[in-house]
Structure formats: structure tokens, C-alpha cells
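What follows is a set of notes on a single structure, which appears directly below.
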There are 2 protein chains.
Amino acid sequence: MPELESVIRKLEALDHRITPSRVAVIAAVLAQSGHFSVEDVLRQARAVGRATVFRTMRLLTDLEIVCRVLLEDGSLHYRVSRRGHHHHLVCVSCGNVQDLDECAVAGLVRELAAATEYEIEGHWLEFYGRCASCRSSLALAAKA
Amino acid sequence: MPELESVIRKLEALDHRITPSRVAVIAAVLAQSGHFSVEDVLRQARAVGRATVFRTMRLLTDLEIVCRVLLEDGSLHYRVSRRGHHHHLVCVSCGNVQDLDECAVAGLVRELAAATEYEIEGHWLEFYGRCASCRSSLALAAKA
DNA sequence: ATAGTTATGATACCTGGTATCAGTGAGACG
DNA sequence: CGTCTCACTGATACCAGGTATCATAACTAT
Ligand SMILES: [Mn+2]
Ligand SMILES: [Mn+2]
Ligand SMILES: [Zn+2]
Ligand SMILES: [Zn+2]
């Protein structure tokens with residue numbers, strides 16, 4: 001869980017300017033729990049212009065401060081990233097997100113590259129389901 | 001590669017009405033080669049209303065006549081489907097799409113379900129890369 | 001032919017994101 | 001410090017892709 005300070009130092013190191021707007025966006029992002037949309041950030045950093053929020057989110061994505069979470073309906077959310085490359089398991093009922101420890105398809109990528117002569121440079125992988133607690137409340141509701 | 005006739009029969013069997021607009025959209029879809037956007041279909045079925053084209057695409061997706069192809073930038077394309085559930089390898093340079101024979105994560109889904117107590121009901125998996133021919137033309141360009 | 005339901009499409013609207021560009025201020029350097 | 005410069009900002013307008021509404025049309029079972 002990165003701190004505001006360390007994110008700022010990372011930006012500095014890469015010759016990005018530290019502006020009040022950027023700091024506000026980063027603070028808003030770090031304050032989120034779970035996954036969030038750009039609108040959520042906008043709401044918490046009202047003084048910052050819409051375009052700047054989007055620009056800053058791209059920056060944070062490029063720096064791997066946040067990771068993108070693709071929801072089942074195709075909408076894009078973000079999440080403060082703890083590790084490097086990884087994937088998600090999203091509860092479609094409560095929205096809870098599990099980070100999956102390792103990239104499950106790294107081996108497959110190698111196989112595919114050999115089999116297809118493609119040079120593979122990326123992939124999307126997200127899982128959707130119902131977490132244990134959502135399932136049990138569903139079961140209760142069915143009985144009632 | 002389904003025929004117009006067989007798609008129509010499938011709709012009839014499920015009590016959907018056969019209308020000129022639907023037929024026009026289906027014909028336009030079946031005429032596409034490779035993957036295509038809804039706009040592509042709209043362009044080839046000008047007489048059909050925008051909303052109806054979107055509605056029909058959803059129908060065709062639900063019936064597994066077409067599959068959805070998620071591009072690297074997050075935009076959603078479609079493709080006439082040859083099989084049931086499968087995934088794609090997309091060339092980010094020329095747009096060529098390879099259907100992958102089997103679902104590479106089916107086993108993983110079972111493992112995840114056991115490990116996390118989630119009931120897993122879906123996933124997104126798409127690969128991006130450069131096909132052999134795009135790589136070789138890239139190499140030529142670099143030399144020149 | 002009629003009825004009853006389904007489908008249509010014009011329109012307005014919405015979400016999420018980008019292009020533009022005049023104005024500002026961060027920070028390097030003296 | 002002062003000042004120069006360039007990266008950054010944010011208002012605005014715009015765009016893409018998709019949905020809600022609802023009066024009208026038309027498919028199909030009878
Ligand atoms: Mn993550
Ligand atoms: Mn496919
Ligand atoms: Zn849940
Ligand atoms: Zn290619």
C-alpha cells in the first residue's frame with residue numbers, strides 16, 4: 001500500500017512535476033478502498049479538472065501505482081496496486097476484488113507464441129463470480 | 001460459418017420474430033470478415049435504426065452466433081463465432097484474430113473456486129501480440 | 001382478418017473519455 | 001532569491017458508444 005510521499009518521490013524521479021492537482025488526485029486515489037471509477041476520484045477531488053484527473057490516472061497506471069480492473073459489463077475501474085502484473089477475481093454481487101497471486105497464463109503465453117508465431121505482448125484476464133458471503137445471503141433470500 | 005437461413009431458424013425456434021431489420025443486421029454481420037464494430041454493421045444496414053442494431057447484436061451474442069472480441073484499448077468488437085466458448089489472440093498491428101481452440105483457464109477456474117470459495121461464473125481472456133507477417137514487415141522497416 | 005404482443009426507430013440522453021488552447025506555475029539555473 | 005521555460009492545467013467543446021422512452025408498426029397465432 002504505497003504512501004502519498006513515496007508516490008510523489010516516484011513522480012519526481014521520473015521528471016514529472018509535483019502540482020497541487022496531481023497531489024489531490026493521488027491522495028484521493030490512495031484513500032479509496034477496493035476498486036473505484038474515475039468518477040469516484042472526481043467526486044473526491046472536486047477542485048481538479050476532469051481532464052487532469054484522467055491524465056493523472058493514466059500516469060498512475062503507467063507507473064503501476066494503480067491497476068485497471070475490467071468489470072464484467074466492460075466498464076473500467078482502478079485499484080491501488082500492491083504488486084506488479086496480476087489478475088483479479090471480482091464478485092459481481094458486492095464488488096469485492098481478490099488479487100490473484102500470479103499470472104495464470106504466463107506459461108500459456110509462451111506456448112502460444114511458439115504455436116502461432118505471434119509475438120505476444122499483452123493479455124486481459126479477469127474472473128467474475130460470487131464470493132462466499134454473497135452466496136450465503138443469496139441462499140437465505142431464496143429460502144424466505 | 002453459419003448461414004443466414006440457419007440463424008433465422010434459430011431465432012424462430014426461440015420465439016423471436018423475424019423482421020426485415022433483424023434480417024438486414026444478420027446479413028450484414030455474416031458478411032463481415034474478421035472482427036468488426038457495431039458501427040461497421042450500422043454502415044452496412046443503413047435503413048436499420050441504431051437502437052435496433054445494438055439490440056440485435058445483443059441477441060446474436062446471447063445466441064452465440066457472434067462472439068465479443070475485447071481489443072487492447074478496451075473497445076468491443078464482434079466476430080462471427082464458429083464454436084462455443086473460446087478466446088482470442090489479436091494482432092495489434094493488422095487486427096487479425098486467431099480463435100484459440102480451448103479455454104485455457106477452465107482448469108484454473110476450478111482451482112480458484114476451491115481456493116477462494118467464490119462461485120465463478122465468467123471470465124475475460126484475450127491475448128494481444130504481433131502476427132508473423134506483421135513482425136517481418138516491422139523488421140524490414142527497421143532496416144530501411 | 002383480428003388481436004395481442006413484440007419489435008422498431010426517432011429522439012433525447014448518458015457515461016466515459018479526448019482535443020484544444022490560452023493561461024499558470026513548478027522548478028532549474030544563475 | 002528572480003526569472004525563464006516548459007510541463008501542466010482546466011474550461012470548453014467535442015466524440016464514441018450505448019441506453020431509455022414511447023408512439024407507431026408489423027409479426028404471427030388464432
Ligand atoms: Mn489488482
Ligand atoms: Mn471468436
Ligand atoms: Zn461478494
Ligand atoms: Zn498482424
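Below, all heavy atoms of this structure are taken into account, side chains as well, without hydrogens, waters or symmetry copies. Just so you know, these numbers come straight off a predicted model, no measurement behind them. The chains referred to below are lettered A, B, ... by the order of the sequence lines, with proteins before strands, and numbering in each begins at 1.
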- A/His86 pairs by side chain to side chain donor-acceptor pair (under 3.5 Å) with which of A/Arg82, A/Arg83, A/His88? A/His88

- Message: If I compare all heavy atoms of A/Glu72 with all of B/Gly122, which pair ends up nearest, and what's the gap?
- Response: OE2-CA, 4.4 Å

- Query: What is the distance from CG of B/Asp73 to C1' of D/dA16, rounded to the nearest Å?
  - Reply: 12 Å

- Query: With a non-hydrogen cut-off below 4.0 angstrom, is A/Ser21 in contact with a base, only sugar-phosphate, or nothing?
  - Reply: sugar-phosphate

- Item | Hphob cluster co-occupancy, B/Val90 + B/Leu138, side-chain heavy atoms under 4.5 angstrom | no

- Query: Do B/Thr116 side-chain atoms and B/Leu112 backbone N/O form a donor-acceptor pair below 3.5 Å?
  - Reply: yes

- Task: Give the rounded distance in Å between these two atoms: CD1 of B/Ile26 and C1' of C/dT8.
- Result: 15 Å

- Query: Nucleotide by nucleotide, 5' to 3', does protein get under 4.0 Å of the base (B), only the sugar-phosphate (S), or neither (-) in nucleotides 14-30 of chain C, counting heavy atoms?
  - Reply: --BBB------BBS---

- Query: If you take all heavy atoms of B/Leu42 and B/Val48, which pair is closest and at what distance?
  - Reply: CD2-O, 4.2 Å

- Item | Bend angle of the helix from C/dA1-D/dT30 to C/dG30-D/dC1, from helix axes over five pairs at each end, nearest 10° | 30°

- Message: With side chain to side chain donor-acceptor pair (under 3.5 Å) as the test, pick out the partner of A/His87 among A/His123, A/Glu126, A/Glu102, A/Gln98.
- Response: A/His123

- Query: In whole angstroms, how far is the P atom of D/dG10 from the CZ atom of A/Arg46?
  - Reply: 15 Å

- Between A/Leu108 and B/Val105, is a side chain to side chain contact (heavy atoms under 4.5 Å, CB included) present by the stated rule, with each step listed? CA-CA 10 Å; A/Leu108 190 70; B/Val105 293; 6.0 Å; no

- Message: Looking at A/Arg135 and B/Glu117, would you say the former's side chain and the latter's main chain have a donor-acceptor pair under 3.5 Å?
- Response: yes

- note: A/Leu11, atom CG; D/dT9, atom P; distance rounded to Å ~ 10 Å

